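Accompanying notes for the structure given below.
Note that the structure is predicted; figures quoted are calculated from it, not measured. All chains are named by letter (A, B, ...) in the order of the sequence lines, taking the proteins before the strands, and each is independently numbered beginning at 1.
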Protein chains: 2
Amino acid sequence: MPDDEGWTLPEVAVAVDLAVLTVHDGALQIMLVKRGIPPYEGMLALPGGFLASTEEDLDVAAARELEEETGLHAKDLHLEQLRTYGTPGRDPRRRVITVCYLGFSPNLPEPAAGGDASEAVLMPVDKVLRPRATVAFDHKKIITDAVERARSKLEYTTLAAAFCGPEFTVTDLREVYEIVWGETLDPRNFHRKIMSVPGFLVPTGERVSRQAGRPAAVFRRGPATILHPAMLRSP
Amino acid sequence: MPDDEGWTLPEVAVAVDLAVLTVHDGALQIMLVKRGIPPYEGMLALPGGFLASTEEDLDVAAARELEEETGLHAKDLHLEQLRTYGTPGRDPRRRVITVCYLGFSPNLPEPAAGGDASEAVLMPVDKVLRPRATVAFDHKKIITDAVERARSKLEYTTLAAAFCGPEFTVTDLREVYEIVWGETLDPRNFHRKIMSVPGFLVPTGERVSRQAGRPAAVFRRGPATILHPAMLRSP
DNA sequence: TCAAAAGTGTTATAGATACACCCATGC
DNA sequence: GCATGGGTGTATCTATAACACTTTTGA
């Protein structure tokens, strides 16, 4: 793949960015940070930054930036590579290509304010993606891609559980699907479908009462990672 | 996303690589080039190379490398971003991150030898991915990812047609599925399924005879891009 | 006339959908 | 008791799987 030796390397900066999604207050939300420096000073942007050194791995850089800018720890959420964005001009200072990561985070007790980064905020994706809303760089496009990927991943994987805490009920999980997809699902059919996937939900034996009604059984995530057959959104 | 100004950029080289797949001689094959220079001199590798300038877009670099190294033109095939690989040490010379593209090419009349690059070859992926086989860099891992992505894309998109020429029969298309997935499909059910997807196949009105048997109707690709419901591989 | 491939029809089964109904709790 | 949400049973519909059968060609 690399060509001939002894030639001058084009000066391209490599960054990582993170689109960390979570379900909070009945909405799909994304973690954003307020930029403290130009360009786009004061605007909201995805957490991220340049590689710290020539030897830093991409995944490591993503985990580091996540922690530095939001106080979240990579081990507490699901992170996967989303896509790389590199259109010339996407950063006014110099050529930057950014390797983006998609994160699924459980609903956090203290939304992010608890971290080192006081400037991290959760924002509903509906709000961020409104036509009039603006975010720094090409991050709106990245967020669009991240949301679509998340929606699609719920169809054929068990990643919805990554939006829940360690213990959750079938209704918690259904609400994740409903909020991420923006559609309502039949609770009875959902229950049966989820329970029929071997290794998705492991009962803890406990039950919890919400407000009223029969207490729901409590589950933990099982080893299953794929949903077969898939649970498809309405077309 | 980018951090503070006035800091020294880690020296990271940005490359693009291409995993171009095609169905040829009854096998799923991948386009490889023989390396003319170290490292891995003489070994087979994915076509690709470094960005030509600070201003070159990733897609443009991919199209350029494709043409330079294989003689294929980007407009003649389907190209999409696969994933970015950047583990430190993956290139012994220096830190390189490579943005990989996945290509679907129709079966070529003169397999690649016709291009500028006399060193481009088609190789069955089964052969390349055998445990004892070796390819340069981490390209074996990339090829594995590319093949899995291609297999999966046939399930829910109409991309199988990108492996066929401009005109093809339902049997041609079925053979693509059978070869890429490595399983046999019922010709009668396949025919019905494909024909039931609106906008997938557009009849030209012509028919062709293979060797024996009733001549098959000839089709062109229609505007449809997704298959709904999906056609799933056997689990 | 026969083999071979294209294409249609028919039945059986799996999974999704819709919804009636029972269960277990708080108030 | 009764409202509320958890969970089961069941009919219906849709899509796939399996395969008999007809059609149309080359040899």
Side-chain angles (χ1 to χ4, degrees), chain A residues 26 154-158 160 164 167-179 181 183-198 200-220 224 226-235, chain B residues 26 154-158 160 164 167-179 181 183-198 200-220 224 226-235:
Chain A
L154 294 206
E155 294 193 321
Y156 59 96
T157 70
T158 60
C164 301
E167 301 200 334
F168 54 91
T169 67
V170 173
T171 297
D172 293 334
L173 194 64
R174 178 170 49 81
E175 283 169 357
V176 165
Y177 273 93
E178 293 183 331
I179 290 165
W181 284 353
E183 62 183 69
T184 59
L185 299 172
D186 185 300
R188 301 155 293 187
N189 292 336
F190 181 85
H191 188 277
R192 222 192 327 257
K193 169 76 187 175
I194 290 302
M195 297 305 283
S196 76
V197 180
F200 191 174
L201 299 190
V202 179
T204 63
E206 284 160 42
R207 315 192 134 258
V208 279
S209 283
R210 316 305 260 170
Q211 309 92 314
R214 172 174 171 178
V218 175
F219 299 88
R220 256 189 263 278
I226 62 155
L227 234 53
H228 189 83
M231 178 154 51
L232 301 171
R233 288 172 275 183
S234 35
Chain B
L154 294 205
E155 294 194 322
Y156 59 95
T157 71
T158 60
C164 300
E167 302 201 333
F168 53 90
T169 66
V170 172
T171 297
D172 292 335
L173 195 64
R174 178 170 49 81
E175 284 170 356
V176 165
Y177 273 92
E178 293 183 332
I179 290 165
W181 284 353
E183 63 184 68
T184 59
L185 300 172
D186 185 299
R188 299 155 295 187
N189 292 335
F190 181 85
H191 189 276
R192 222 190 328 258
K193 169 76 186 173
I194 289 301
M195 296 304 283
S196 76
V197 180
F200 191 174
L201 299 190
V202 178
T204 64
E206 283 160 42
R207 316 194 132 257
V208 280
S209 282
R210 316 306 261 167
Q211 308 93 315
R214 173 173 169 177
V218 175
F219 298 88
R220 256 189 262 278
I226 62 155
L227 235 52
H228 188 84
M231 178 154 52
L232 301 170
R233 288 172 275 184
S234 33

Value in whole Å for how far the [atom2] atom of [N] lies from [atom1] of [X]:
{"X": "B/E183", "N": "D/dA17", "atom1": "CD", "atom2": "C1'", "answer": "13 Å"}
{"X": "B/K193", "N": "D/dT14", "atom1": "NZ", "atom2": "P", "answer": "15 Å"}
{"X": "B/L227", "N": "D/dT16", "atom1": "CG", "atom2": "C1'", "answer": "14 Å"}
{"X": "A/F190", "N": "D/dG5", "atom1": "CZ", "atom2": "P", "answer": "17 Å"}
{"X": "A/M231", "N": "C/dA14", "atom1": "CE", "atom2": "C1'", "answer": "17 Å"}
{"X": "A/L201", "N": "D/dG7", "atom1": "CG", "atom2": "P", "answer": "11 Å"}
{"X": "B/D186", "N": "D/dC21", "atom1": "CG", "atom2": "C1'", "answer": "13 Å"}
{"X": "A/E206", "N": "D/dG6", "atom1": "CD", "atom2": "P", "answer": "17 Å"}

A/R192 with A/D186: basic N within carboxylate O range, under 4.0 Å
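A salt bridge is absent here (no side-chain N lies under 4.0 Å from a carboxylate O).
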
Reading 5' to 3' through nucleotides 4-10 of chain C, protein heavy-atom contacts under 4.0 Å coded B for base, S for sugar-phosphate only, - for none:
BBBBBBB

Between B/Y177 (side chain only) and B/L154 (backbone N and O only), is there a donor and an acceptor less than 3.5 Å apart?
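Checking the backbone N and O of B/L154 against the side chain of B/Y177, a donor-acceptor pair under 3.5 Å is found.
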
Keeping B/R207 on the side-chain end and B/P215 on the backbone end, is there a donor-acceptor pair under 3.5 Å?
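Answer holds: yes.
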
Sub-4.5 Å side-chain heavy-atom contact between A/F200 and A/L173:
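Side-chain contact under 4.5 Å: yes.
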
With a 6.0 Å cut-off (strictly less than), is the heavy-atom count around CD of A/E183, excluding the residue itself, greater than 12?
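Counting neighbours around CD of A/E183, more than 12 heavy atoms of other residues, nucleotides or ligands fall under 6.0 Å, so yes.
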
Would you kindly compare B/P229 and B/S209 by the position of their nearest DNA chain D nucleotide and give the one closer to the 5′ end?
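Nearer the 5' end of the strand: B/P229.
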
Centres of the A/F219 and A/F168 rings: under 6.0 Å?
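Not under 6.0 Å, so no.
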
